[in-house]
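Take a look at the structure set out below.
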Amino acid sequence: HGLTRGDWPRTWHDHDLRDSYDVVIIGGGVHGLATAYYLARDHGITNVAVLEKAYIGSGGSGRNTAILRSNYLTPEGVRFYDRSVKLYENLAADLNFNVMFSQRGHLTLAHNDASLRTMRWRSEVNKHEGVDSDVIGPDEVKGLVPYLDTSPDTRYPILGALYHPPGGIVRHDAVVWGYARGADAHGVHIHQQTEVTGIDVSHGRVSGVQTTRGRIATRAVVNCTAGWATLISDMAGVSMPVQTFPLQAAVTEPVKPFLDTVVVSGTLHVYVSQTDRGELVFGASVDPFASYSIRGSLEFTEGVAGHVLELMPALAKMRLLRQWAGLCDMTPDYSPIMGPTPVEGFYVDVGWGTYGFKAGPVSGEAMAATVAHGRPPEIIAAFGLDRFADGRLVGEKGAAAVGH
Ligand code: PYC
């Protein structure tokens with residue numbers, strides 16, 4: 001009321017860098033900001049800095065295709081991502097910030113018997129964990145998405161789909177901004193344009209962080225980066241079993257709403273959804289080589305366009321507006337690496353592959369509890385770094401949106 005544009009209150013504030021913080025979080029994406037928010041809100045730990053080398057949400061949080069779902073393959077994965085969906089369901093009210101979560105339903109198409117078998121497997125695990133997920137046939141698929149070509153004479157006919165009604169899309173930037181505002185309101189310092197250049201470790205424990213704006217003394221550091229997860233962990237002398245691959249995406253010009261379900265095809269390596277603005281958002285699998293490049297490629301554009309048209313031939317005249325890429329830190333089992341490390345006070349929330357954005361809220365909640373109590377809560381117990389040495393992998397490749 002009565003506010004003109006210039007009077008709008010700042011959503012978060014700039015601060016001088018303090019000499020010391022109780023907790024330093026590296027990475028100003030949804031994971032880092034959510035961790036800061038829950039540290040403050042749930043544990044009363046507010047002397048916290050979030051360090052971001054560019055601007056908040058400039059990494060994976062601003063580059064993903066905004067899909068939320070919990071129809072994973074392992075019980076550990078399903079429980080974890082389901083907690084995230086539940087937190088997302090209440091996030092707008094919790095943060096008093098409209099994150100535009102649209103639970104429009106999520107379809108993963110099966111074009112062969114092997115995929116149908118994996119869908120059935122996932123749906124049984126999902127149901128066992130209380131998650132709404134079932135295998136449906138081509139007629140039901142057609143009923144949900146009339147524009148899909150479900151005829152039997154296509155190159156890869158649609159034999160059925162895993163249907164997950166609670167899945168959907170959210171406004172990804174709003175999630176970042178909402179957490180930033182919430183954390184800021186609790187006294188957390190968000191430092192943009194502040195790059196970490198080193199992590200001080202003495203006698204096996206963290207003692208500080210070196211940045212482009214000076215040194216910070218601290219006894220707790222949380223690595224919430226994606227793309228640079230290994231480089232930051234290396235600074236603390238902790239090596240991560242992670243390889244980094246680009247993932248490209250694109251949007252079309254806006255058109256009238258016609259698609260109110262998220263459609264994924266693993267066989268055709270593509271996923272499609274329509275935003276509230278009317279654009280179609282397309283994504284693919286990760287590029288086939290490890291790289292830190294975030295340039296788009298013609299190969300991606302051709303591949304995605306061809307595959308989308310196999311699914312929805314009526315889109316042939318739509319124009320792509322822009323394309324971009326983000327970086328995905330892939331682990332050997334496609335599950336994240338979360339919790340303490342052999343360096344005391346150095347915690348990791350990394351290795352998200354292509355699942356990071358949807359896990360933001362639960363990761364923030366669980367990492368905040370880990371830092372506050374010095375040990376990980378049950379919900380992330382399976383995701384510790386030590387599982388690779390012990391051979392207790394949590395295989396989630398079968399739940400990937402598209403093949404990798
Ligand atoms: O796992 O749903 C997913 C996903 C979509 C885009 C990248 N990953």
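Indexing begins at 1, ligand by ligand and atom by atom, following the structure's order. Nothing here was measured: the structure is a model prediction, and the numbers come from that model.
Taking the six-membered ring wherever Trp is involved, the centroid distance between the rings of Phe80 and Tyr72 does not fall below 6.0 Å.
Between His15 and His189, the two ring planes are parallel [angle under 30°; tilted spans 30° to 60°].
Using a cut-off of 4.0 Å between Lys/Arg side-chain N and Asp/Glu carboxylate O, Arg41 and Asp94 are scored as salt-bridged.
Interface atoms of ligand 1 facing Tyr355, defined by a heavy-atom separation under 4.0 Å, are 1 (O). Ligand 1 places these atoms under 4.0 Å from at least one heavy atom of Lys358: 1 (O), 2 (O), 3 (C), 4 (C).
Comparing Phe357, Tyr271, Trp352 by heavy-atom distance to atom 6 (C) of ligand 1, the nearest is Tyr271.
For atom 1 (O) of ligand 1, the nearest non-hydrogen atom of the protein is Arg69 NH2, 2.7 Å. Scanning all protein heavy atoms for the shortest distance to atom 8 (N) of ligand 1 gives Thr354 O, 2.7 Å.
Counted by atom type alone, His186 and Tyr38 present zero donor-acceptor pairs between their side chains at under 3.5 Å.
Using modelled atom types, one side-chain atom of Lys358 and one backbone atom of Ile67 make a donor-acceptor pair closer than 3.5 Å.
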